[in-house]
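Worksheet: the structure to be examined is printed underneath.
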Amino acid sequence: MSDTMVLTGLEPVIGLEIHVQLKTRTKLFCGNLNEFGAEPNTHTCPVCLGLPGALPVLNREAIALGVRAALGLHCSVHERSVFARKNYFYPDLPKGYQISQFEEPFATGGYIELPAMTEPVRIRRIHLEEDAGKSLHDRIDRATAVDLNRTGVPLIEIVTEPDLSSAADARDFLVRLRQALEYLDVSDLNMEEGSLRVDANVSVRRPGDPLGTKTEVKNMNSFSNVERAIEYEIARQRRLVSEGGSVYPETLLWDANRGEARSMRGKEESHDYRYFPDPDLPVVEIPDDWLAEIAVSIPEMPWDRVARFQADFGLAREHAEYLTATRDLADYYEATVKAGAPSADAASWTLGEVLKAVKSDEAGDLASLRVTPGLLAGVIVLQNQGRISRPIARQVFAEMLETGRPAEQIVEERGLAQVSDQGALEGWVDQVISANPDAVERIRGGEAKLMGFFVGQVMKLSGGKADPRELASLLKSRLS
């Protein structure tokens with residue numbers, strides 16, 4: 001059997017572990033601020049430093065956000081869960097253990113559906129834990145510094161089943177997961193700041209065989225790097241197995257600059273961490289009435305909104321997915337329709353001029369946009385009524401961006417209303433015909449495509465105010 005046949009005959013199996021920092025005001029077990037970017041080691045206290053005699057007190061807000069995320073991802077939330085100590089020694093872990101959940105997490109059994117996959121990607125568990133500190137390798141020459149501000153920040157860890165079989169599917173899953181978490185408003189999801197971190201477990205096997213030995217790839221700061229790292233590791237394991245070697249269970253660090261993963265340490269198993277229930281924390285109990293209260297607050301999720309936008313507004317699935325990419329964008333579009341704009345026109349303007357304006361805006365978000373959904377609906381309605389042309393509507397929109405004034409007011413003050421007066425139209429048409437005798441002869445000779453040229457010239461001469469329907473009829477009469 002050739003190496004090529006061996007390589008292609010080995011199928012990848014991928015599972016993901018996603019750490020999501022929760023957007024609480026304070027840390028998980030103490031009153032220090034949960035804030036990124038503060039001076040190193042200024043948000044610490046005896047509790048998060050693990051000093052003798054300091055006792056943790058659980059943050060209720062963190063539990064609520066974790067439950068909110070779990071319900072949004074179709075998980076079962078358990079009435080009882082237990083915090084455990086995960087023991088390991090690392091410079092950025094001052095206690096020598098991390099408070100996490102092991103045998104009894106607060107949520108299990110969720111899923112996310114991907115369009116490219118026939119079966120959903122299952123979520124094995126979601127558990128709550130505290131974050132570790134951060135080792136800094138670029139602050140001191142030939143030394144490592146430690147910033148413990150992040151120690152004790154609340155995380156949820158989302159662990160999938162090994163249901164993914166390609167790097168592209170893994171990326172698609174992460175895009176959908178991030179979108180869901182953004183709708184649920186549980187985290188700022190900033191990968192550059194470490195609010196969202198992904199570890200990938202990768203193995204290969206021959207179809208039908210048991211799962212192969214897995215490796216874990218860390219240190220990926222973007223979804224594109226997750227995809228690159230998984231592709232690299234799949235190719236590495238396939239080559240290794242095809243050459244008769246064995247995959248060693250290890251943790252790998254992804255080097256984005258070199259496009260390769262390097263070994264960090266042997267991969268630990270659960271027994272290596274010597275889990276045991278934390279003696280300083282009681283069992284967590286989530287009463288039914290509190291669970292019901294949180295469930296009521298779950299928003300319409302993006303996949304449900306896509307289906308409703310298709311059904312209610314007659315949108316193509318592709319447009320519905322673009323419009324629901326973020327909760328703010330979906331809210332903006334829907335508010336524009338409710339303000340009186342036809343759904344198709346509202347979609348075109350939202351995905352066109354509105355997104356272009358947001359991308360060019362310094363604040364970079366819809367909240368800072370002066371054109372509210374009501375104002376956008378106003379300019380769309382004026383265009384649909386034939387009172388302004390599309391080019392004029394764009395001019396009005398640009399002025400609305402600067403001033404926040406209604407379209408009706410701008411059109412009236414600047415005299416931008418569409419001109420249907422026959423005399424004015426005839427004057428513009430005659431000027432254009434007189435200025436372009438060669439083009440007149442050519443169109444009369446059968447070059448029908450030149451009609452667009454004449455329309456454009458008249459629109460330019462009229463400043464975009466000529467009624468295009470009346471103009472087309474007049475030009476056809478004059479040039480025939």
Problem - CA sep, side-chain torsions, deciding dist, call: Phe397, Trp349, side-chain contact (heavy atoms from CB on, under 4.5 Å) - result: CA-CA 10 Å; Phe397 181 82; Trp349 277 84; 3.9 Å; yes

Exercise for the section: Enter the distance from Glu103:CD to Arg125:CZ here, rounded to the nearest 0.5 Å. Expected result: 9.5 Å

Practice task
Report yes if some heavy atom in the side chain of Asn87 is under 4.5 Å from a heavy atom in the side chain of Tyr273; otherwise report no.
Solution key: no

Practice task
Indicate yes or no: does Arg390 engage Glu353 in a salt bridge with an N to O separation below 4.0 Å.
Solution key: yes

Exercise for the section: Name the orientation class of the two ring planes belonging to Tyr111 and His74 (parallel below 30°, tilted from 30 to 60°, perpendicular beyond 60°). Expected result: parallel

Practice task
Check Thr26, Leu65, Leu128 against Asn59 for a side-chain contact (heavy atoms from CB on, under 4.5 Å) and give me the one that passes.
Solution key: Thr26

Practice task
Evaluate whether atom CZ of Arg25 has more than 12 neighbouring non-hydrogen atoms of other residues, nucleotides or ligands under 6.0 angstrom away.
Solution key: no

Problem - Atom NZ of Lys95 with >12 non-hydrogen neighbours under 6.0 angstrom - result: yes

Practice task
Kindly say whether Val146 contributes a backbone atom to a donor-acceptor pair with the side chain of Asn41 at under 3.5 angstrom?
Solution key: yes

Exercise for the section: Return yes if a side-chain donor-acceptor contact under 3.5 Å exists between Asp345 and Ser348, otherwise no. Expected result: no

Exercise for the section: Could you tell me whether the side chains of His19 and Gln21 share a donor-acceptor contact shorter than 3.5 Å? Expected result: no

Problem - Side-chain donor/acceptor of Arg178 to backbone N/O of Leu189, under 3.5 Å - result: yes

Completion exercise
What one should report as the nearest heavy-atom pair of Val283 and Ser81 is CG1-O, 3.6 Å

Problem - Smallest separation among heavy atoms of Asp169 and Ala116, with atom names - result: OD1-CB, 4.3 Å

Problem - Test item: Pro94 and Leu148 side chains (from C-beta on) under 4.5 Å apart, heavy atoms - result: yes

Practice task
To the nearest 0.5 Å, tell me how far Ser165 OG sits from Glu11 CD.
Solution key: 7.5 Å

Problem - Closest contact, heavy atoms only, Ala132 versus Arg150 - result: O-NE, 3.2 Å

Exercise for the section: Could you tell me whether the side chain of Leu329 reaches within less than 4.5 Å of the side chain of Leu366, counting heavy atoms only? Expected result: yes

Problem - Note, Asp289 side chain near Glu293 side chain (heavy atom, < 4.5 Å) - result: no

Exercise for the section: Nearest 0.5 Å please: distance from the SG atom of Cys45 over to the CG atom of Asn32. Expected result: 4.5 Å

Practice task
Could you walk me through whether Ile286 and Val67 pass the side-chain contact (heavy atoms from CB on, under 4.5 Å) test, one step at a time?
Solution key: CA-CA 9 Å; Ile286 302 174; Val67 170; 3.7 Å; yes

Problem - Side chain Arg370, main chain Glu402, donor-acceptor under 3.5 Å - result: yes

Handout entry: Beyond-backbone contact of Val204 with Val13, side-chain heavy atoms, under 4.5 angstrom
Key = no

Exercise for the section: Using the side chain to side chain donor-acceptor pair (under 3.5 Å) rule, take Ser263 and Glu250 through it: C-alpha gap first, then chi angles, then the decisive distance, then the call. Expected result: CA-CA 7 Å; Ser263 180; Glu250 59 185 332; 2.6 Å; yes

Exercise for the section: Say whether, by atom type as modelled, one donor and one acceptor occur between the side chain of Arg171 and the main chain of Ala168 under 3.5 angstrom. Expected result: no

Practice task
Taking atom types as modelled, find out whether Thr151 and Glu130 have a side-chain donor-acceptor pair closer than 3.5 angstrom.
Solution key: no

Practice task
State whether a side-chain donor-acceptor pair under 3.5 Å links Thr160 with Arg122.
Solution key: no

Practice task
Using a 4.5 Å cut-off on heavy atoms from C-beta on, say whether the side chain of Thr144 contacts that of Pro91.
Solution key: no

Practice task
Validate the cation-pi geometry between Arg60 and Trp290: distance from NZ or CZ to the six-membered ring centre under 6.0 Å, angle to the ring axis within 45°.
Solution key: yes

Handout entry: Main-chain N/O of Ala261 paired with Asp255 side-chain donor or acceptor, under 3.5 Å
Key = no

Handout entry: Short N-O contact, Glu300 and Arg305, less than 4.0 angstrom
Key = yes

Fill in the blank from the handout: Closest heavy-atom pair, Val47 versus Leu55, reported as atoms and distance to 0.1 Å, is CG2-O, 3.6 Å

Handout entry: Heavy-atom check, side chain of Val284 versus side chain of Val82, under 4.5 Å
Key = no

Handout entry: Criterion ring pair (Phe, Tyr, Trp, His ring centres under 6.0 Å) on Phe29 and Phe83, from CA distance to verdict
Key = CA-CA 12 Å; Phe29 297 116; Phe83 280 105; 5.5 Å; yes

Exercise for the section: Give a yes or no on whether the backbone of Ala357 and the side-chain of Ser360 come within a donor-acceptor separation of less than 3.5 Å. Expected result: yes

Fill in the blank from the handout: Heavy-atom closest pair (Ala407 atom, Leu382 atom, distance to 0.1 Å) is CB-CD1, 3.7 Å

Practice task
Answer with yes or no whether the side chains of Glu35 and His43 bring together a donor and an acceptor at under 3.5 Å.
Solution key: yes

Exercise for the section: Look at atom CZ of Arg139 and say whether more than 12 heavy atoms of other residues, nucleotides or ligands are closer to it than 6.0 Å. Expected result: no

Handout entry: Short side-chain to backbone donor-acceptor contact, Arg197 and Ile18, under 3.5 Å
Key = no

Handout entry: Pairwise side-chain contact, Phe223 with Met191, heavy-atom cut-off 4.5 Å (strictly under)
Key = yes

Problem - Smallest separation among heavy atoms of Gln237 and Ser203, with atom names - result: OE1-CA, 3.2 Å

Practice task
Give a yes or no on this: more than 12 heavy atoms of other residues, nucleotides or ligands lie within 6.0 Å of atom OH of Tyr90.
Solution key: no

Exercise for the section: Rounded to the nearest 0.5 Å, what's the gap from CD1 on Ile126 to CD1 on Ile156? Could you check? Expected result: 5.5 Å

Practice task
Could you tell me whether Asp278 and Arg85 have a side-chain N and a carboxylate O separated by less than 4.0 Å?
Solution key: yes

Problem - Main-chain N/O of Lys27 paired with Asn34 side-chain donor or acceptor, under 3.5 Å - result: no

Exercise for the section: Show your working on side-chain contact (heavy atoms from CB on, under 4.5 Å) between Trp254 and Lys218 and close with a plain yes or no. Expected result: CA-CA 6 Å; Trp254 174 247; Lys218 291 179 172 287; over 6 Å; no

Problem - Gap separating the CD atom of Gln310 from the OG1 atom of Thr324, nearest 0.5 angstrom - result: 9.0 Å

Practice task
Mark yes or no for whether Arg68, through its side chain, and Ser297, through its backbone, hold a donor-acceptor pair below 3.5 Å.
Solution key: yes

Problem - Value rounded to 0.5 Å, distance of CD1 in Ile123 from CG in Leu177 - result: 6.5 Å

Practice task
Apply side chain to side chain donor-acceptor pair (under 3.5 Å) to the pair Thr326 and Gln179, showing each step before the final yes or no.
Solution key: CA-CA 7 Å; Thr326 67; Gln179 183 188 30; over 6 Å; no

Practice task
Keeping the roles fixed (side chain from Asn149, backbone from Glu39), state whether a donor-acceptor pair exists under 3.5 Å.
Solution key: yes

Problem - Cation-aromatic face contact Lys86/Tyr275, 6.0 Å, 45 degrees - result: no

Practice task
Check Tyr333, Tyr322, Trp303 against Phe309 for a ring pair (Phe, Tyr, Trp, His ring centres under 6.0 Å) and give me the one that passes.
Solution key: Tyr333

Problem - Pairing of Arg236 and Glu260 as salt bridge, 4.0 angstrom limit - result: no

Problem - Basic-acidic side-chain contact under 4.0 Å: Asp331, Lys338 - result: no

Handout entry: Gln395 vs Glu399, side chain to side chain donor-acceptor pair (under 3.5 Å): CA-CA, chis, key distance, verdict
Key = CA-CA 6 Å; Gln395 291 181 36; Glu399 187 162 330; over 6 Å; no

